[in-house]
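Heads up, the thing below is written out as structure tokens.
All figures in this text were calculated on a predicted structure; none of them were measured in a lab.
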Amino acid sequence: MCAHNINALLMIGGFEAYLGLLELSAAREQHEEFRVPMVMVPATVSNNVPGSDFSIGADTALNTITDTCDRIKQSASGTKRRVFIIETMGGYCGYLANMGALAAGADAAYIFEEPFDIRDLQSNVEHLTEKMKTTIQRGLVLRNESCSENYTTDFIYQLYSEEGKGVFDCRKNVLGHMQQGGAPSPFDRNFGTKISARAMQWLSMKLKEGRGKKFVNDDSVCVLGICKRKLCFRPVAELKKETDFEHRIPKEQWWLKLRPLMKILAKYKASLELSDSTQLEHIRHDQEEPAAI
């Protein structure tokens, strides 16, 4: 970095970029070339980067998944008693499957973060069987690609086909890379512009403060993400404690609180509890940190 006169580093990427930033931070003790301000902007459809509620690209992928689910449901408008099983991407992170199911009005979403067994699958089949007796004679089930090693898309498709024989038939769709979308959504465009400008502003501020000195503090290696409605810089040393490195996901994810809502909308017997931590918060305008949205 000295040979190329690099004084600061802006990284854009997903979990791999996050791991790279951790390695660069750990190598500061042996290599003083890495003692420069470094910041990462999360950009991945999986939305699995710790320190940020959203990643650039996740909204575009979610829009594509929802649009595809709507088209699939529309294709069944002339066919009665049909259930669609759709596989989404995201690695071990179930963000796309869960939020896509909530947006598309799915009957169930299988994700890694919420373990399920054969009894849950049986309950979903029985629920769909009862649903076919109503005026809405079609079902939609989403499955995250890594939600289970053994309950694969093919297994769930075969199970539903066998148990629903005589009541409904099944179709399966693996969306693959098509769900990554083409042109970015308006949210992603605005979010990418705002977060990149804020990252460059932070790097410029750090360089002015340092005035040629070496950066050794943890707060000079950060992930820039959106936390609720604010852009926040989180040191990677702090985020390391909140990361499940084996499955490449954060240990706590905000969207898991929406799981009961999806079940309620699908007319399962479920309750949505609003504790003090999940109630709507008043928006506070911080002069130092501009709103992200």
Whether Lys251 side chain and Lys241 backbone form a donor-acceptor pair below 3.5 Å: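 Looks like yes, one N/O pair under 3.5 Å.
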Test item: Asn124 side-chain N/O and His127 main-chain N/O as donor-acceptor pair under 3.5 Å: no
For the residue pair Ser75 / Arg138, report whether a side-chain donor-acceptor contact shorter than 3.5 Å exists.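 The answer is no; no qualifying pair exists.
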Going by atom types alone, do Glu163 and Gln122 pair a side-chain donor with an acceptor below 3.5 Å? no
Residues two or more places apart in sequence or in another chain: which of them pass side chain to side chain donor-acceptor pair (under 3.5 Å) with [X]?
{"X": "Arg81", "result": "none"}
{"X": "Glu209", "result": "none"}
{"X": "Thr153", "result": "Glu87, Arg143"}
{"X": "Arg248", "result": "Glu16"}

Crowding at CE, Met205 (>12 non-hydrogen neighbours, <6.0 Å): yes
Does the pair Leu62 and Gln179 meet the rule for a side-chain contact (heavy atoms from CB on, under 4.5 Å), with working shown? CA-CA 8 Å; Leu62 184 58; Gln179 70 197 268; over 6 Å; no
Out of curiosity, [X] [atom1] to [Y] [atom2], how far, rounded to the nearest 0.5 Å?
{"X": "Arg35", "Y": "Glu29", "atom1": "CZ", "atom2": "CD", "value": "8.5 Å"}
{"X": "Phe84", "Y": "Cys170", "atom1": "CZ", "atom2": "SG", "value": "9.5 Å"}
{"X": "Ile65", "Y": "Thr88", "atom1": "CD1", "atom2": "OG1", "value": "5.0 Å"}
{"X": "Met262", "Y": "Leu142", "atom1": "CE", "atom2": "CG", "value": "9.0 Å"}
{"X": "Lys165", "Y": "Ser161", "atom1": "NZ", "atom2": "OG", "value": "9.0 Å"}
{"X": "Asn190", "Y": "Ile56", "atom1": "CG", "atom2": "CD1", "value": "11.5 Å"}

Check side-chain contact (heavy atoms from CB on, under 4.5 Å) between [X] and all other residues, then give those that pass, not counting sequence neighbours.
{"X": "Ala27", "answer": "His31, Phe34"}
{"X": "Ser52", "answer": "Pro42, Ile226"}
{"X": "His247", "answer": "Tyr92, Phe112, Asp244, Ile249"}
{"X": "Glu114", "answer": "Ile111, Arg259, Lys263"}

4.5 Å side-chain heavy-atom contact, Met40 and Val49: yes
Going by the rule salt bridge (charged side-chain N to carboxylate O under 4.0 Å, His left out), which residues pair with [X] if we only count those two or more places apart in sequence or in a different chain?
{"X": "Asp67", "result": "Arg71"}
{"X": "Asp107", "result": "Lys131"}
{"X": "Lys133", "result": "Glu130"}

Check step by step if side-chain contact (heavy atoms from CB on, under 4.5 Å) holds for Gln180 and Thr60. CA-CA 7 Å; Gln180 294 189 8; Thr60 301; over 6 Å; no
Show, in sequence, the C-alpha distance, side-chain angles and deciding distance for Gln201 and Leu203, and conclude whether the side-chain contact (heavy atoms from CB on, under 4.5 Å) test is met. CA-CA 6 Å; Gln201 184 183 10; Leu203 289 175; over 6 Å; no
Between Trp254 and Phe54, ring centroids under 6.0 Å: yes
Between Trp255 and Leu102, does the side-chain contact (heavy atoms from CB on, under 4.5 Å) criterion hold? Intermediate values first, please. CA-CA 11 Å; Trp255 49 266; Leu102 185 62; over 6 Å; no
When you check the gap from the basic side-chain N to the acidic O, do Lys228 and Asp53 get nearer than 4.0 Å?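 Judged by the 4.0 Å cut-off on N to carboxylate O distance, Lys228 and Asp53 do not form a salt bridge.
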Under a 4.0 Å threshold between the charged nitrogen and the carboxylate oxygen, would Glu33 count as salt-bridged to Arg28? no
Minimal non-hydrogen separation, [X] against [Y], with atom names:
{"X": "Ser55", "Y": "Phe191", "value": "C-CE2, 4.1 Å"}
{"X": "Ala266", "Y": "Ala106", "value": "CB-O, 3.8 Å"}
{"X": "Leu96", "Y": "Ala58", "value": "CD2-O, 4.0 Å"}
{"X": "Ala199", "Y": "Val41", "value": "CB-CG2, 4.1 Å"}

Got a sec, which hydrophobics cluster with Tyr151, joining ILVMFWY side chains under 4.5 Å apart, including via others? Val83, Ile85, Tyr110, Phe116, Ile118, Leu121, Val125, Leu128, Met132, Val141, Phe155, Ile156, Tyr157, Leu159, Tyr160, Val167, Phe168
